[in-house]
Amino acid sequence: MTTSPRQFDAAALQAAAKRNLWLHFTRMSSYADSEVPVIVRGSGQYVFDARGRRYLDGLSGLFVSQIGHGRTEVAEAGARQGAELAYFPLWSYANPRAIELAQRLADLAPGDLNRVFFTTSGSEAVEAAWKLAKQYFKATGEHGRYKVLSRDIAYHGTSMGALAITSLPGIKAPFEPLPPGGVRVPNTNFYRAPGFVAHDLAAFGAWAADEIERAILREGPESVAAVFLEPVQNSGGCFPPPPGYFRRVREICDRHRVLLVSDEVICAFGRLGYYFGAERYAYQPDIITFAKGVTSGYAPMGGMLVSDRLMEPFADGSATFLHGVTFAGHPVSCAVALANLDVFEKEDLLGNVRAHEAGFRAALERLSDLPIVGDVRGDGYFYGIELVKDKATRQTFTGDESERLLRGFLSPALFDAGLICRADDRGDPVIQLSPPLTCTQEHFDEMEQILRSVLTQAWSRL
Ligand SMILES: Cc1ncc(COP(=O)(O)O)c(C=O)c1O
């Protein structure tokens, strides 16, 4: 396979991008008078645009590129598989790579999670998990259980079912009415904790977990199917779980026979220094949903890992889980995922994250001397920096200020300065960072330096 850089006609790409391409979650009007960023190539922790400029990929694309860019061995594994068997469905048939990958994931997954149901994206994985929970309870005689609990501001995907679990009113409103059954509970944002638990992290965690139980009791346990939680909640800017939180949630779920779904679309595959986030925080989910890092983006894939117990009602007679998608377990994606996991092992990427995460945190925490930096939070290679107008009072920005600051200044300025990260105001304004797992101190220092310069400018413009 040749790897020589291709030549791009930047002007022609630009014109066609504006004419024919529809970007996701993007105000297309914002490119009326400016260029659409066109990324043409990646190498290691960096990507390059059509004009040849280099960017540190501080977000792994979109929480995806765990092993970094330009790994020919992973691309070649996909190409080899495509030549041998490009496609065959998982509907009634298996293929060797899907079998091997299912076995490998089952070996890596915590506890009794032993069965893999593949999808092609995170939203599909979440959708499949909710459908499995519903059909499982119908099959076991608990017909009334269909509701799902999820946390404030959490993002769990965009298809209609996943969107009903997502807790961001702004992106849901145009699509109402959504499937019924989504119930909200508090998240674990300790920086914005209610006053009565604001000074005690453990008490805050116990309160947040108990709110899940209160919601189950309020809704009626016989109507609740599952709780969807990320190990570290992304949306809102990285909320790690307080100590003891997941142990308590597990107890609550057991008490009310509600399934605990660990939505690890971002947190699995090394993001937190473990194959699965549930391992880091020592809890046992009933279902893990995954996507993104399973292939590091060299091909699309998602899926869910479930315990044999959930499979049981579907194991005999005519019973069937009535769900499927054409490209699930795609042989090319599975081959790529296996090659991706080989890189994890060969280069001990989990070890790299564990060895360097303190350095990452320290580099970001050094930014706390800036007046605009209110909070730095996260774990592993997954951090959010909350921006505030007043550090002492933790006052946040108004909608207008946030609009001017994040969209008007920070996003383009960080990009121009050579750092890809995400300025997000779906909750309070935050900058999100989630670099490739191959990063070391030099990359964290580069991030710190760019962030320091751009955040200092941002403050002077307020
Ligand atoms: C926790 C979580 N769940 C689900 C999704 C949806 O994944 P996808 O965009 O692959 O559909 C995402 C996407 O970022 C996510 O972060």
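Both counts, for ligands and for their atoms, begin at 1 and track the order of listing.
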>> Distance alone, cut at 3.5 Å: any donor-acceptor contact between the side chains of Ser223 and Arg145?
In response: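 Result is no, nothing qualifies.
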> Which word best sums up how the rings of Phe190 and Phe204 line up, parallel for under 30°, tilted for 30 to 60°, or perpendicular for over 60°?
Replying inline: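 Taking Phe204 first and then Phe190, their aromatic rings sit tilted (interplane angle of 30° to 60°).
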> Should the ring pair Phe415 and Tyr55 be called parallel, tilted or perpendicular, given that the plane angle runs from 0 to 90° and is split at 30 and 60?
Replying inline: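 If you compare the ring of Phe415 with that of Tyr55, the planes turn out parallel.
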>> Suppose the criterion is side chain to side chain donor-acceptor pair (under 3.5 Å): which pairs have a residue in residues 320-333, not counting sequence neighbours?
In response: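 Only Lys131-His323 qualify under side chain to side chain donor-acceptor pair (under 3.5 Å).
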Filter the ligand 1-protein atom pairs down to N or O on both sides and distance under 3.5 Å, then list them.
| residue | atom | partner | partner atom | Å |
| --- | --- | --- | --- | --- |
| ligand 1 | 3 (N) | Asp263 | OD1 | 3.4 |
| ligand 1 | 3 (N) | Asp263 | OD2 | 2.8 |
| ligand 1 | 7 (O) | Ser123 | N | 3.3 |
| ligand 1 | 10 (O) | Gly122 | N | 2.8 |
| ligand 1 | 11 (O) | Ser123 | N | 2.7 |
| ligand 1 | 11 (O) | Ser123 | OG | 2.6 |
| ligand 1 | 14 (O) | Lys292 | NZ | 3.1 |

> Does Asp112 come within less than 4.0 Å of Arg309, counting only side-chain N to carboxylate O?
Replying inline: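 The answer is no: the pair does not qualify as a salt bridge.
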> So, Glu279 and Arg354, do they make that salt bridge, N to O below 4.0 Å?
Replying inline: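 Judged by the 4.0 Å cut-off on N to carboxylate O distance, Glu279 and Arg354 do not form a salt bridge.
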